[in-house]
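Accompanying notes for the structure given below.
Numbers here simply count residues along the sequence, with the first being 1.
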Amino acid sequence: MTTQNNPVNYAKAIQIQLSDIVTPYPVYNLFNRNFATQPTFVTWQLRNVHQPVYTGQTQDNKGIDTPVFQISIFAQDNNVALNISNSILQSLHGYSGQFGGINGFFIAKADVYWLYNTYDNELGLNQIILDCTLYIPA
């Protein structure tokens with residue numbers, strides 16, 4: 001029987017992987033965003049942790065882990081936001097290998113989708129939203 005990874009492991013790996021990609025810009029879990037003091041930053045939110053369970057007599061037969069996380073890029077300068085999103089797309093889309101550093105886990109593939117971009121007049125920040133799905137062999 002295979003087991004699904006703990007969401008804590010996903011969170012640690014996402015933080016490390018994104019931080020490595022977008023340095024020198026700060027990366028925060030969505031709950032720690034700080035609009036007031038930084039002109040450019042990246043946040044992420046783990047949206048789905050799913051491993052299909054096959055039906056039948058042996059229901060403990062599991063499929064591949066497919067966690068999904070959303071990435072939000074915030075920047076006062078639109079070109080900076082676009083460049084950060086491009087760095088993430090180039091680094092993660094189609095990536096296969098160790099995810100999240102030496103204490104992370106192996107992924108078969110990462111798919112990154114550009115959902116949309118917007119601008120918030122009140123905050124004065126451009127925002128680009130990406131979705132990333134990880135395919136983790138069971």
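Side-chain contact between Ile21 and Leu92: present, with at least one pair of heavy atoms (C-beta onward) separated by less than 4.5 Å. For the pair Ile71/Leu18, a side-chain contact is recorded, criterion being any heavy-atom separation below 4.5 Å from C-beta on. Annotation: side chain of Tyr28 is not in contact with side chain of Val42 (no heavy-atom distance under 4.5 Å). Using a 4.5 Å heavy-atom threshold, the side chains of Thr66 and Ile136 count as separate.
Residue pairs meeting the salt bridge (Lys or Arg N to Asp or Glu O under 4.0 Å) criterion with at least one partner in residues 103-126, sequence neighbours excluded, are Lys109-Asp111. Applying the side chain to side chain donor-acceptor pair (under 3.5 Å) test to residues at least two apart or on different chains, none of the pairs has a partner in residues 73-85. Sequence neighbours left out, not one pair with a member in residues 85-104 passes salt bridge (Lys or Arg N to Asp or Glu O under 4.0 Å). Applying the ring-ring contact (aromatic ring centres under 6.0 Å, His included) definition to pairs two or more places apart or across chains, those involving residues 82-117 are Tyr10-Phe105, Phe99-Phe105.
The side chain to side chain donor-acceptor pair (under 3.5 Å) test applied to Ser96 returns no partner, not counting sequence neighbours. In this structure, the side chain to side chain donor-acceptor pair (under 3.5 Å) partners of Gln15, at least two apart in sequence or on a different chain, are Ser19, Trp44. Applying the side-chain contact (heavy atoms from CB on, under 4.5 Å) rule to Ile16 yields the partners Asp20; only residues at least two apart in sequence or on another chain are considered. Under the side-chain contact (heavy atoms from CB on, under 4.5 Å) criterion, Tyr119 pairs with Asn121, Asn126, sequence neighbours left out. In terms of the salt bridge (Lys or Arg N to Asp or Glu O under 4.0 Å) criterion, residue partners of Asp131 (sequence neighbours excluded) are, by chain and number, Arg47. Take Asn9 and apply the side-chain contact (heavy atoms from CB on, under 4.5 Å) test, not counting sequence neighbours, and it matches Asn6. Take Asn48 and apply the side chain to side chain donor-acceptor pair (under 3.5 Å) test, not counting sequence neighbours, and it matches no residue. Annotation: side-chain contact (heavy atoms from CB on, under 4.5 Å) contacts of Lys12 (sequence neighbours excluded): Val8.
Linking ILVMFWY side-chain heavy atoms closer than 4.5 Å, directly or via other members, places Leu89 and Leu134 in a single hydrophobic cluster. Hydrophobic cluster membership differs between Ile129 and Phe74, with clusters built from Ile, Leu, Val, Met, Phe, Trp and Tyr side chains linked at under 4.5 angstrom. Two different hydrophobic clusters hold Ile107 and Val68 under the rule that ILVMFWY side chains link at heavy-atom gaps under 4.5 Å.
Here the shortest heavy-atom pairing between Gln127 and Ser72 reads NE2-OG, 3.6 Å. Considering every non-hydrogen atom in both Ala75 and Thr40, the closest pair reads CB-OG1, 3.8 Å. Across Ile88 and Leu130, no two heavy atoms sit closer than the pair CG2-CD1, 3.8 Å. Minimum interatomic distance between Pro26 and Gln38 (heavy atoms only, all atoms of both residues): CG-NE2, 3.5 Å. Closest heavy-atom contact between Ala108 and Pro137: N-CD, 3.8 Å.
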* **Intermediate values then yes/no, side-chain contact (heavy atoms from CB on, under 4.5 Å), Thr43 and Asn29** => CA-CA 5 Å; Thr43 66; Asn29 182 293; over 6 Å; no
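Ring centroid separation for the pair Tyr25 and Phe41 does not come in under the 6.0 Å cut-off.
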